[in-house]
Asker: 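Please find one structure pasted underneath; my questions will follow.
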Amino acid sequence: QVQLVESGGGLVQAGGSLRLSCAASGRTFSSYAMGWFRQAPGKEREFVGAISWGGVSTYYADSVKGRFTISRDNAKATVYLQMANLKPEDTAVYYCAAGPFIETLDESDYWGQGTQVTVSS
């Protein structure tokens, strides 16, 4: 079992920045790939970014590439999503997920409760 708790969401103006955190507890954090997903009102959940268990490999959705950076600190069992140059279309509830493989993170059993990010224009 892995428990995930996101934090760091809030209200920010367009062009601003936020850093989300996802703290993990339970089984060995460092053995899991981690990902961030988001869901806007009336839309399906979408992939934002992911990082391999060792932090060597990262992947991003085209919509956030160059603006968002995902990182992890295995000693603190925490994964981060640094978001810059935020746009109103980034408004959503952001979720982190943990799983053995990046490719199947969207099917993971382990999700956080989500944190709201609202970007005003």
Side-chain angles (χ1 to χ4, degrees):
Q1 285 282 12
V2 176
Q3 292 79 42
L4 304 172
V5 179
E6 301 98 335
S7 61
L11 173 64
V12 63
Q13 289 188 334
S17 300
L18 278 176
R19 189 178 79 158
L20 306 183
S21 300
C22 174
S25 61
R27 296 187 64 180
T28 307
F29 172 79
S30 61
S31 66
Y32 281 86
M34 299 294 297
W36 286 95
F37 294 77
R38 66 187 182 186
Q39 187 167 21
K43 296 187 177 181
E44 293 188 353
R45 185 176 64 200
E46 64 174 356
F47 170 78
V48 174
I51 188 166
S52 60
W53 63 269
V56 174
S57 301
T58 56
Y59 305 88
Y60 299 95
D62 288 343
S63 59
V64 307
K65 203 171 292 183
R67 301 189 297 122
F68 291 11
T69 303
I70 189 169
S71 61
R72 67 189 295 162
D73 184 336
N74 285 344
K76 296 182 178 179
T78 301
V79 63
Y80 304 97
L81 183 68
Q82 180 68 50
M83 305 184 293
N85 191 22
L86 283 160
K87 304 176 181 180
E89 52 264 42
D90 294 318
T91 295
V93 178
Y94 284 70
Y95 300 89
C96 64
F101 307 108
I102 285 178
E103 293 83 356
T104 56
L105 276 172
D106 60 338
E107 302 168 10
S108 173
D109 291 332
Y110 306 123
W111 292 85
Q113 83 288 350
T115 186
Q116 176 72 47
V117 172
T118 303
V119 184
S120 63
S121 57

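FYI, the numbering just counts along the sequence from 1.
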Asker: Ignoring hydrogens and geometry, is there a side-chain-to-backbone donor-acceptor pair from Glu6 to Gly114 under 3.5 Å?
Answerer: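 Checking the backbone N and O of Gly114 against the side chain of Glu6, a donor-acceptor pair under 3.5 Å is found.
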
Asker: Identify all side-chain donor-acceptor contacts of residues 79-88 below 3.5 Å with residues at least two apart in sequence or on another chain.
Answerer:
none

Asker: To the nearest 0.5 angstrom, please state how far the OG1 atom of Thr58 sits from the CE atom of Met34.
Answerer: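 That separation rounds to 14.5 Å.
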
Asker: Does any part of the side chain of Gln3, heavy atoms only, come nearer than 4.5 Å to the side chain of Gln1, both counted from C-beta?
Answerer: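 Side chain of Gln1 against side chain of Gln3, heavy atoms only: contact under 4.5 Å found.
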
Asker: Would you find more than 12 non-hydrogen atoms of other residues, nucleotides or ligands less than 6.0 Å from Trp53 atom CH2?
Answerer: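 Counting other residues, nucleotides and ligands, CH2 of Trp53 stays at 12 neighbours or fewer.
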
Asker: Under the 3.5 angstrom rule, does the side chain of Asn74 hit a backbone N or O of Ala77 as a donor-acceptor pair?
Answerer: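 The answer is no, because no donor-acceptor pair under 3.5 Å joins these two groups.
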
Asker: Looking at every non-hydrogen atom in both residues, tell me the closest pair between Leu11 and Ser120 and how far apart they are.
Answerer: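 So the minimum-distance heavy-atom pair works out to CD1-CB, 4.3 Å.
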
Asker: Do you know the tightest heavy-atom contact between Thr91 and Gln116?
Answerer: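 Looking at all heavy atoms of both residues, the shortest contact is CG2-NE2, 4.0 Å.
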
Asker: State yes or no: are the ring centers of Trp111 and Phe37 separated by less than 6.0 Å?
Answerer: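 Trp111 vs Phe37: aromatic centres under 6.0 Å.
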
Asker: What distance separates Ser63 OG from Glu89 CD, expressed to the nearest 0.5 Å?
Answerer: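 Going from the OG atom of Ser63 to the CD atom of Glu89 covers 9.0 Å.
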
Asker: Taking all non-hydrogen atoms of both residues, which atom of Phe68 and which atom of Val48 are closest, and how far apart?
Answerer: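 Distance-wise, the nearest heavy atoms are CD2-CG1, 3.7 Å.
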
Asker: Under a 3.5 Å distance rule, please check whether Thr28 uses its side chain to pair with a backbone N or O of Ser30 as donor and acceptor.
Answerer: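 A pair under 3.5 Å: no.
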
Asker: Taking the side chain as every heavy atom from C-beta outward, state whether Cys22 and Trp36 have any pair of such atoms under 4.5 Å apart.
Answerer: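 Yes, at least one pair of side-chain atoms sits under 4.5 Å.
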
Asker: For residues 92-107, which side-chain donor-acceptor pairs fall under 3.5 Å, sequence neighbours excluded?
Answerer:
from	atom 1	to	atom 2	distance (Å)
Tyr94	OH	Arg38	NH1	2.9
Tyr94	OH	Asp90	O	2.6
Thr104	OG1	Phe101	O	3.4

Asker: Any sub-3.5 Å donor-acceptor pair from Arg45's side-chain atoms to Ala40's backbone N or O?
Answerer: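 Pair absent, no side-chain N/O of Arg45 close to backbone of Ala40.
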
Asker: When you look at Gln13 and Val119, which way does the side-chain contact (heavy atoms from CB on, under 4.5 Å) test go after all the steps?
Answerer: CA-CA 5 Å; Gln13 289 188 334; Val119 184; over 6 Å; no

Asker: Is there a side-chain contact between Tyr60 and Arg67 in this structure, where contact means two heavy atoms from C-beta onward sitting under 4.5 Å apart?
Answerer: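 Heavy-atom side-chain distance check fails, nothing below 4.5 Å.
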
Asker: List in chain and number order the residues that pass salt bridge (Lys or Arg N to Asp or Glu O under 4.0 Å) with Lys43, two or more places apart in sequence or in another chain; answer none if no residue qualifies.
Answerer: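 Scan of Lys43 (salt bridge (Lys or Arg N to Asp or Glu O under 4.0 Å), adjacent residues dropped) gives none.
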
Asker: Report yes or no: do Leu20 and Val12 belong to one cluster of Ile/Leu/Val/Met/Phe/Trp/Tyr joined by side chain heavy-atom distances under 4.5 Å?
Answerer: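 Yes, it is one cluster - the side chains of Leu20 and Val12 are joined through contacts under 4.5 Å.
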
Asker: Check for me, please, whether Tyr59 and Val64 land in the same ILVMFWY cluster - side-chain distances under 4.5 Å, paths through other members count.
Answerer: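 Tyr59 does not cluster with Val64.
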
